[in-house]
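To keep things clear, I will list the structure first and then write my remarks on it.
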Amino acid sequence: MADMVTLTIDGRRVTANAGTTILEAARDANIDIPNLCSNEELHPYGSCRLCMVEITHKKRQRLVVSCIHEVAEGLEVKTATERVLNVRRLVMHLLLSRNSTHPRLREIAAGLGIEKSMFPVDYKGCILCGQCVRVCREVVGVSAIGFKSRGDTRAVATPFDEPPGDCIACGSCHYVCPVGVIPMEEKDGVRRIWKTDFPMAKCSVCGKYFAPVKQLEYFRKIANLPENHFDTCVDCRSTKK
Amino acid sequence: MKKCKSASELASLREKLAAARDPKKPTIVICAGTGCLAYGTQKLIDNFRAEIAKRKLEGTVDVRTSGCHGFCERGPLVVIQPKQIFYQHVKTEDAGEIIEKTILGDAVIDRLVYRDPATKEKILHEHDVPFYKKQMRLIFGMNGQIDPRSIDDYIAIGGYAGLAKALAMKPEHIVDEVTKAKLRGRGGGGFMTGWKWESTAKAEGSPKYVICNADEGDPGAYMDRSLLEGNPHSVIEGMVIGAFAIGSSDGYIYVRNEYPLAVTNVTAAIESARAYGLLGENILGSGFSFDIKINRGGGAFVCGESSALFASIEGRAGEPRQKYVHATDRGLYDKPTCLNNVETWANVPPIIVKGAEWYASIGTPGSTGTKIFSLVGKINNTGLVEVPMGITLREIVFGIGGGIPKGRKFKAIQTGGPSGGCIPEKHLDMPVDFDELSKVGSMMGSGGMIVMDDRTCMVDVAKYFLKFLEQESCGKCTPCREGIYQMRTILDRISEGAGEEKDIELLEWIGTGVIDGSLCALGGTAPFPVLSTIKYFRDEYLAHIRDKKCPAGVCKKLITFTVAADNCTGCTACARVCPTKAATGEKKKVHTIDQATCIKCGACFEACKFDAITIS
């Protein structure tokens with residue numbers, strides 16, 4: 001078993017496995033720290049800056065992002081000092097200027113006493129948390145999408161803004177997006193994502209379209225499965241057994 | 001060339017090289033730094049060679065190109081040895097005359113001699129010129145003595161002696177020496193170099209990397225460039241010593257691709273150091289091996305930040321990564337890494353040769369040694385200056401820099417690159433070191449110094465630097481990407497006369513949040529130019545906001561150009577330069593400027609010799 005450390009979060013003594021992040025330790029202790037770019041399935045990224053906390057360790061006081069900073073013995077964490085709240089308020093005002101409507105953003109903002117952005121809204125939808133890019137690379141393993149450009153012109157895109165050659169249309173990016181701005185549609189045996197049409201495979205038993213052909217091909221390849229492995233949909237496969 | 005297999009072989013090679021140098025032989029030393037080359041020095045070099053060939057003097061007169069001398073304002077620079085005659089603003093066609101009169105004859109060419117603008121006194125020798133006289137050129141002074149492409153030159157003046165000495169020391173003693181010298185990182189952070197070395201040496205993991213950060217990208221700063229171009233071996237020697245102390249066998253120089261001469265010279269230097277047995281396998285027969293690869297940057301300012309630099313070398317996009325682990329433990333490829341800046345590495349050999357005590361005696365107790373600054377902007381002597389830490393800003397600006405051109409008034413000096421603060425006149429007498437600069441809301445940074453006069457608008461300055469950082473932000477984290485953008489649009493508003501008083505408070509609030517919230521030091525320091533100008537020049541912001549006026553006469557929307565009838569002689573100069581024909585008038589009659597067509601470019605103001613154009 002991993003070593004345990006004891007720290008305090010907002011005055012509460014909390015024990016956590018060494019190596020876990022402050023955010024995870026807080027979550028386990030039911031202490032809420034708002035966040036948008038962190039996801040248990042992905043490597044910490046630290047881009048939204050919402051989960052900042054103020055820590056005192058060995059008499060040194062500073063702001064860190066709780067999704068990356070690991071717990072340590074004797075660490076003192078404060079999740080809502082004035083300095084922390086100011087950064088969070090700024091971040092929410094800035095994010096609301098990109099996306100003023102999404103309920104999740106509005107809810108976090110409301111928790112900080114913000115109704116609408118103090119900045120002019122230039123609706124872009126995407127808040128650049130990078131979960132889609134990371135899930136595609138880290139979990140799916142295809143890196144079909146990435147970031148283009150830099151500064152405030154940064155955006156999530158397919159290579160050269162063309163139909164993504166490596167995309168398997170699995171939709172992970174669509175599902176993981178916290179503000180739901182990656183559209184995905186299915187109609188007449190075709191899944192449309194990243195402005196590209198992907199044919200779906202038909203179940204040999206019930207005839208239902210159940211998954212993109214490219215996704216099944218990819219799964220067969222990485223898991224080394226026989227050619228006919230995904231001939232049937234999940235429902236028909238389970239009833240067969 | 002035969003490899004030097006021991007320190008004594010290197011020492012005897014040095015003796016041989018030094019003996020072969022005839023100190024009495026007439027030599028034309030031509031500065032071939034970037035500044036002088038931009039003036040067209042290559043043609044001058046070619047012409048000197050041609051004129052020598054024409055007179056069949058090839059064996060008797062030497063032509064040597066050297067690294068940057070620093071006095072870029074006065075280039076092309078030529079020094080005639082052994083007489084040490086210093087010529088400035090030399091033109092291509094002057095070559096023949098210099099050979100005839102100064103080398104073959106004993107005459108000095110008056111028009112090429114430096115004349116002190118303050119005293120009008122003619123100064124014959126480089127070291128007597130006030131610009132140089134008040135400097136302490138420990139690191140940068142070698143540039144003028146060597147041809148950057150010649151390892152022999154460097155060895156002859158004592159190069160690689162520090163390496164030979166270090167290889168006979170215990171690695172931990174080398175680290176001790178650097179720690180005792182209190183050398184602090186010249187790249188910006190000012191972290192104790194010795195501590196960094198010690199942590200990397202003690203860190204677990206293999207291989208360990210030694211990296212030279214030559215991704216200098218601050219607007220107006222070119223000291224690392226000139227050092228790498230003018231004396232690449234000093235940097236390489238420092239790196240080999242560091243690698244030996246740390247226990248590293250792999251090194252990188254991460255250099256901007258926009259510095260082609262630096263890339264060429266450092267590539268050549270690495271090859272010749274290998275050929276001489278000073279780099280590569282079994283250095284000087286010591287059994288220690290270390291080699292350096294060059295990695296050319298891809299044109300992003302943020303790649304000077306350590307984690308972005310590592311990402312770039314690893315072949316990923318140059319974006320910083322947040323890690324609460326030091327690079328000394330997990331840096332490049334997650335291995336222990338010691339990253340130091342060009343100038344820091346170049347400071348290592350003298351520390352080893354002359355000792356920590358000597359080094360620590362220079363400068364202030366908290367900031368030892370010298371620092372090279374790039375002195376640019378509204379200053380008479382634009383160039384690179386090396387001064388002991390602790391010198392006052394006034395001495396740099398007025399003593400060495402020669403003050404402000406055209407008799408204008410000093411207004412502020414911005415130190416530390418685009419994210420540095422603007423320091424006003426009242427702090428000019430403070431000593432320049434790492435800690436003092438932080439106290440007044442600026443920083444040492446890598447050593448950029450931009451001087452501003454009373455015709456510089458501080459709102460415009462803040463906007464300029466913010467715009468730069470906005471474009472260079474990688475865009476990964478919210479405060480830097482969006483915050484800098486919003487701050488810049490507020491500044492736009494103010495400079496267009498549409499600002500409100502609450503905008504100042506708003507800028508301060510956003511600025512604080514961007515500093516606290518950003519992932520890396522780019523965002524973490526980006527608001528400094530804004531916050532420091534608000535702190536020291538609040539009145540100027542208020543003038544833009546309340547009175548809708550730009551006191552310095554820069555912000556176009558807030559100024560008008562008019563003709564002062566009393567001063568106008570009707571010379572037509574303004575009408576001739578006006579691109580939109582807004583300035584008109586008959587010869588010898590008072591001119592007028594049509595406000596509807598005037599684009600406020602300021603060409604008339606610059607052209608008028610009679611102070612007849614007023615900006616209001």
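By convention in this document, chain letters (A, B, ...) are assigned in the order of the sequence lines, proteins followed by strands, and residues within each chain are numbered from 1. Because the structure is predicted, anything quoted here is derived from the model rather than measured.
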When you measure from the centre of the six-membered ring of B/Y259, is the NZ or CZ of B/R256 under 6.0 Å away and within 45° of the axis?
-> yes
Given that the side chain runs from C-beta out, which part of B/V514 has a heavy atom under 4.5 Å from chain A: side chain, backbone, both or neither?
-> both
Turns out that what part of B/Q471 lies under 4.5 Å from chain A's heavy atoms comes down to backbone
Gap between atom CG of A/D152 and atom OG1 of B/T478 - 0.5 Å precision = 12.5 Å
Let me know if A/R88 has heavy atoms under 4.5 Å from chain B in its side chain, its backbone, both or neither.
-> neither
Residue part contacting chain A, namely of B/T512, when any heavy atom lies under 4.5 Å = neither
For the pair B/R493 and B/D503, find out whether any cationic side-chain nitrogen is under 4.0 Å from an anionic carboxylate oxygen.
-> yes
Please flag which part of B/A300 lies under 4.5 Å from any non-hydrogen atom of chain A: side chain, backbone, both or neither.
-> both
Taking the side chain as every heavy atom from C-beta outward, state whether A/W194 and A/I182 have any atom pair closer than 4.5 Å.
-> yes
Pick one of side chain, backbone, both or neither for B/I484, based on which atoms fall under 4.5 Å of a heavy atom in chain A.
-> neither
Consider only side-chain N and O atoms of A/S100 and A/Y123, and report whether a donor and an acceptor are under 3.5 Å apart.
-> no
In terms of the angle between their ring planes, are B/Y333 and B/Y209 parallel, tilted or perpendicular, with boundaries placed at 30° and 60°?
-> tilted
Among the options A/V87, A/L90, A/I127, pick out the one with the most heavy-atom pairs lying under 4.5 Å from chain B.
-> A/L90
Among A/C129, A/C37, A/C48, residue most engaged with chain B (heavy-atom pairs, under 4.5 Å) | A/C48
Would you mind checking which part of A/V84 comes under 4.5 Å of any heavy atom in chain B, side chain (CB onward), backbone (N, CA, C, O), both or neither?
-> neither
Under the 6.0 Å and 45° cation-pi test, does B/K335 pair with B/F310?
-> no
So, are A/E217 and A/K221 salt-bridged, with charged N and O less than 4.0 Å apart?
-> no
Given that the side chain runs from C-beta out, which part of A/R150 has a heavy atom under 4.5 Å from chain B: side chain, backbone, both or neither?
-> both
Residues B/S307 and B/E305: side-chain donor-acceptor under 3.5 angstrom = yes
Is chain B contacted by the side chain of A/L50, its backbone, both, or neither, given a heavy-atom distance below 4.5 Å?
-> neither
Could you tell me which portion of A/S97 (side chain, backbone, both or neither) has an atom closer than 4.5 angstrom to a non-hydrogen atom of chain B?
-> side chain
For each of A/M52, A/H93, A/E70, tally heavy-atom pairs with chain B at distances under 4.5 Å, and name the one with the top tally.
-> A/M52
